[in-house]
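Quantities reported herein were computed from a predicted structural model and do not represent experimental measurements. Lettering follows sequence order; numbering is per chain, from 1.
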Amino acid sequence: MQYWLFKTEPDAFSIDDLANIPDGIEHWDGIRNYQARNYLRDVVKLGDQVFIYHSSCKYVGIVGLAEVVKEGYVDHTQFDPESKYYDPKSTKDKPRWMMVDIHFKRKFVKTLLLKEIKAMPEISEIGLVKKGHRLSILPVNQNEFAWLLGKC
DNA sequence: GCCAACGTTGGC
DNA sequence: GCCAACGTTGGC
C-alpha cells in the first residue's frame with residue numbers, strides 16, 4: 001500500500017465533481033509530465049490511497065481522500081484532437097501518457113491548507129513543500145499520510 | 001497578474 | 001549531448 005497526492009485545479013475538476021459522480025469513479029486523465037507518468041505507469045497500485053489537492057485557487061490544500069481502483073492504462077485523451085490534452089506526437093503503437101482510475105472516499109470537513117501543512121514540523125520533509133513540488137502526482141510516505149489524515 | 005522554479009524543445 | 005529559448009506550474 002502506497003500513498004499519493006493528486007493535484008487538481010478545482011475550476012477544472014474539484015473534489016465535489018468527484019463526489020458527485022454516481023459511482024464515484026473517475027479516470028485521472030491529462031497528466032503530461034514524464035515523471036508523473038512513470039508513477040502512474042509503474043508505481044501506483046490498486047488500493048493505494050490518494051489525497052486530493054486543490055491548486056491554483058483561493059483555498060489551496062488537501063480536500064479529500066480517494067482510492068486507486070484501476071492501475072495505469074492508456075490515457076485516451078492524447079489521441080483526441082478536440083481535447084486540450086491532445087498530443088500529436090503520441091501514437092497508438094507507442095502511447096506516451098497513462099492514467100489511473102480513482103474512487104471517491106470522502107471529502108474533509110475543512111480543507112487542510114497548504115500553509116497549515118507548511119507549519120507542521122513533523123512532516124517538514126514532505127515532497128509537497130520541497131523541490132519538485134510542481135509534480136501533479138506526488139508520493140506521500142506512510143508517516144506523512146497518517147499524520148495528515150489525523151489532522152482532517 | 002507576477003514571477004520563480006523547472007520541464008521541454010530544438011538547433012548545433 | 002549541450003544549452004538557450006520558451007512554455008507551464010502554481011503560490012502569492
Inset, instruction - Look at the side chain of A:Tyr34 and decide which nucleotide, out of C:dC12, C:dG10, B:dT8, has an atom nearest to it. - result: B:dT8
Legend entry - A:Val60 side chain, from C-beta outward: closest of B:dG10, B:dT8, C:dG11: C:dG11
Inset, instruction - Would you confirm whether the ring centroid of A:Trp97 sits within less than 6.0 angstrom of the ring centroid of A:Tyr34? - result: yes
Inset, instruction - For C:dT9, take OP1 and OP2 only and decide whether either is under 4.0 Å from a side-chain N or O of A:Lys7. - result: no
Legend entry - Separation of atom NE2 in A:His54 from atom C1' in C:dG11, rounded to whole Å: 16 Å
Legend entry - Integer-rounded Å distance: C:dT9 C1' and A:Lys84 NZ: 12 Å
Legend entry - Spacing between A:Asp11 atom CG and C:dG10 atom P, to the nearest angstrom: 14 Å
Inset, instruction - Evaluate the ring planes of A:His27 and A:His76, with Trp represented by its six-membered ring, and classify them as parallel (under 30°), tilted (30 to 60°) or perpendicular (over 60°). - result: perpendicular
Legend entry - Proximal nucleotide (of B:dT9, C:dG10, C:dC12) relative to the A:Arg96 side chain: B:dT9
Inset, instruction - Specify the separation, in whole Å, of atom CG of A:Leu138 and atom C1' of B:dA5. - result: 14 Å
Inset, instruction - Can you tell me the distance, in whole Å, between the CG atom of A:Leu135 and the C1' atom of C:dG10? - result: 13 Å
Inset, instruction - To the nearest Å, give me how far apart CD (A:Gln35) and P (B:dG7) are. - result: 7 Å
Legend entry - Ring center gap for A:Trp4 and A:Tyr39 short of 6.0 angstrom: yes
Legend entry - Separation of C:dC12 P from A:Ile117 CD1 (nearest whole Å): 11 Å
Inset, instruction - Check the angle between the aromatic planes of A:Trp28 and A:Phe13 and answer parallel, tilted or perpendicular using the 30° and 60° thresholds. - result: perpendicular
Legend entry - Phosphate contact (C:dG11 OP1 or OP2) by A:Tyr53 side-chain N/O below 4.0 Å: yes
Inset, instruction - Identify whether any heavy atom of A:Lys58 sits under 4.0 Å from a base atom; if not, whether one sits that close to sugar-phosphate; answer base, sugar-phosphate or nothing. - result: nothing
Legend entry - Candidate nucleotides B:dT9, C:dG7, C:dC12, ranked by approach to the side chain of A:Arg134 - the nearest: C:dG7
Inset, instruction - Identify whether any heavy atom of A:Lys118 sits under 4.0 Å from a base atom; if not, whether one sits that close to sugar-phosphate; answer base, sugar-phosphate or nothing. - result: sugar-phosphate
Legend entry - Other residues, nucleotides, ligands: >12 heavy atoms within 6.0 Å of A:Glu122 CD: yes
Legend entry - Integer-rounded Å distance: C:dT9 C1' and A:Arg32 CZ: 16 Å
Inset, instruction - Could you check whether A:Ser55 gets within reach of a base, just the sugar-phosphate, or nothing at all, counting any heavy atom under 4.0 Å? - result: sugar-phosphate
